[in-house]
Amino acid sequence: MAVRRVVPTVRSRAVRESREFYGLLGLEEVMNHGWIMTLASPSSPAAQISFMTDDRTAPVAPDMSIEVDDVDAAYAVMRESGAEIVHPLQDEEWGVRRFFVRDPGGRVVNVLGHR
């Protein structure tokens, strides 16, 4: 299993304003579902940051996302380790398969793969 990117998630009610502010640094919107928006660097697309009001399909908002090449393998490893699964593995309508797990410091990590 390989990590493709790590994206911090900032909870914010000022999503539009954040797009304008971080746009001043050169980040551009690459995804916007209304409740979550991701900005990325055009010259280094894996350099990203997401802004979220609330997660639409999960009980909590994650602190970060980690995209992996095999989300099913990542889920199996986390379950076998005894890590707390906060949100079960599921397919989402926007084209990702994901689950949430809590890290040792209490942060919620959205582990995902694109379908």
Side-chain angles (χ1 to χ4, degrees):
M1 170 180 38
V3 172
R4 293 187 171 160
R5 65 187 168 118
V6 177
V7 181
T9 304
V10 177
R11 294 209 50 196
S12 175
R13 297 278 179 217
V15 173
R16 181 181 54 78
E17 294 86 352
S18 294
R19 179 181 54 235
E20 293 169 7
F21 177 82
Y22 287 96
L24 297 171
L25 297 172
L27 295 176
E28 297 178 354
E29 183 179 297
V30 294
M31 180 190 77
N32 192 335
H33 292 296
W35 55 276
I36 184 171
M37 174 194 64
T38 301
L39 305 176
S41 167
S43 61
S44 183
Q48 299 183 354
I49 187 169
S50 291
F51 298 89
M52 174 185 288
T53 55
D54 291 298
D55 196 293
R56 196 177 84 182
T57 64
V60 297
D63 297 299
M64 74 176 78
S65 294
I66 299 178
E67 181 184 357
V68 295
D69 65 348
D70 188 342
V71 71
D72 291 283
Y75 186 69
V77 166
M78 288 296 173
R79 286 189 53 166
E80 289 170 15
S81 78
E84 179 188 354
I85 303 298
V86 179
H87 181 64
L89 183 64
Q90 67 182 42
D91 293 329
E92 301 290 2
E93 65 185 30
W94 57 91
V96 300
R97 184 166 171 79
R98 71 180 184 156
F99 69 95
F100 292 4
V101 62
R102 191 173 312 277
D103 80 3
R107 287 172 218 64
V108 175
V109 181
N110 172 32
V111 182
L112 68 116
H114 283 89
R115 290 184 278 144

Any donor and acceptor pair, going by atom type alone, linking the side chain of R11 with main-chain N or O of M52 inside 3.5 Å?
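Judged by distance alone, no pair lies under 3.5 Å.
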Going by the rule side chain to side chain donor-acceptor pair (under 3.5 Å), which residues pair with H114 if we only count those two or more places apart in sequence or in a different chain?
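Partners of H114 by the side chain to side chain donor-acceptor pair (under 3.5 Å) criterion, ordered by chain and then number, come out as E67.
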What residues, two or more places apart in sequence or in another chain, satisfy side chain to side chain donor-acceptor pair (under 3.5 Å) together with R13?
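D54.
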Joint hydrophobic cluster, [X] plus [Y], side-chain heavy atoms closer than 4.5 Å:
X   : Y    : result
I49 : L112 : no
L27 : V7   : no
L25 : L39  : yes
V10 : V15  : yes

Is the shortest side-chain heavy-atom distance between R4 and I66 below 4.5 Å?
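Not in contact.
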Could you tell me if the side chain of D55 sits less than 4.5 Å from the side chain of F100, heavy atoms only?
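Yes, at least one pair of side-chain atoms sits under 4.5 Å.
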Once side-chain contact (heavy atoms from CB on, under 4.5 Å) is applied, do any residues pair with S44, and if so which ones, sequence neighbours excluded?
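So S44 forms a side-chain contact (heavy atoms from CB on, under 4.5 Å) with S41, A47.
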For A76, what residues pass the side-chain contact (heavy atoms from CB on, under 4.5 Å) criterion, not counting sequence neighbours?
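By the side-chain contact (heavy atoms from CB on, under 4.5 Å) rule, A76 matches E80.
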Value rounded to 0.5 Å, distance of CE in M31 from CD in Q48
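Answer rounded to 0.5 Å: 8.5 Å.
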Which value, rounded to the nearest 0.5 Å, describes the distance between N32 atom CG and T38 atom OG1?
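One finds 8.5 Å between CG of N32 and OG1 of T38.
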Does one side chain, of S50 or T9, offer a donor that lies under 3.5 Å from an acceptor on the other?
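No.
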Name the orientation class of the two ring planes belonging to W94 and W35 (parallel below 30°, tilted from 30 to 60°, perpendicular beyond 60°).
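W94 and W35: perpendicular rings.
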Return the minimal non-hydrogen interatomic distance between [X] and [Y], and the atom names on each side.
X    : Y    : result
G113 : V71  : N-CB, 3.9 Å
S12  : S18  : OG-OG, 3.9 Å
A83  : V101 : CB-CG2, 3.6 Å
V77  : M1   : CG2-CE, 4.4 Å
V68  : A74  : CG2-CB, 4.2 Å

Residue pairs passing the salt bridge (charged side-chain N to carboxylate O under 4.0 Å, His left out) test where at least one lies in [range], sequence neighbours excluded:
range            : result
residues 69-78   : D72-R97
residues 104-115 : D91-R115, D103-R107
residues 26-45   : R19-E29

Can you name the residues that form a salt bridge (Lys or Arg N to Asp or Glu O under 4.0 Å) with [X], not counting sequence neighbours?
X   : result
D63 : none
E17 : none
E20 : R16
E92 : R98

Carboxylate-amine/guanidinium proximity below 4.0 Å for R79 and E84:
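Salt bridge: no.
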Please collect all ring pair (Phe, Tyr, Trp, His ring centres under 6.0 Å) contacts where either partner lies in residues 45-80, sequence neighbours excluded, each pair once.
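As it turns out, the ring pair (Phe, Tyr, Trp, His ring centres under 6.0 Å) pairs with a partner in residues 45-80, which skip direct neighbours, are Y22-F51, Y75-F99.
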In a check of side-chain contact (heavy atoms from CB on, under 4.5 Å) between M78 and each of V109, V111, I85, which one passes?
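With M78 as partner, V109, V111, I85 yield a single side-chain contact (heavy atoms from CB on, under 4.5 Å), made by I85.
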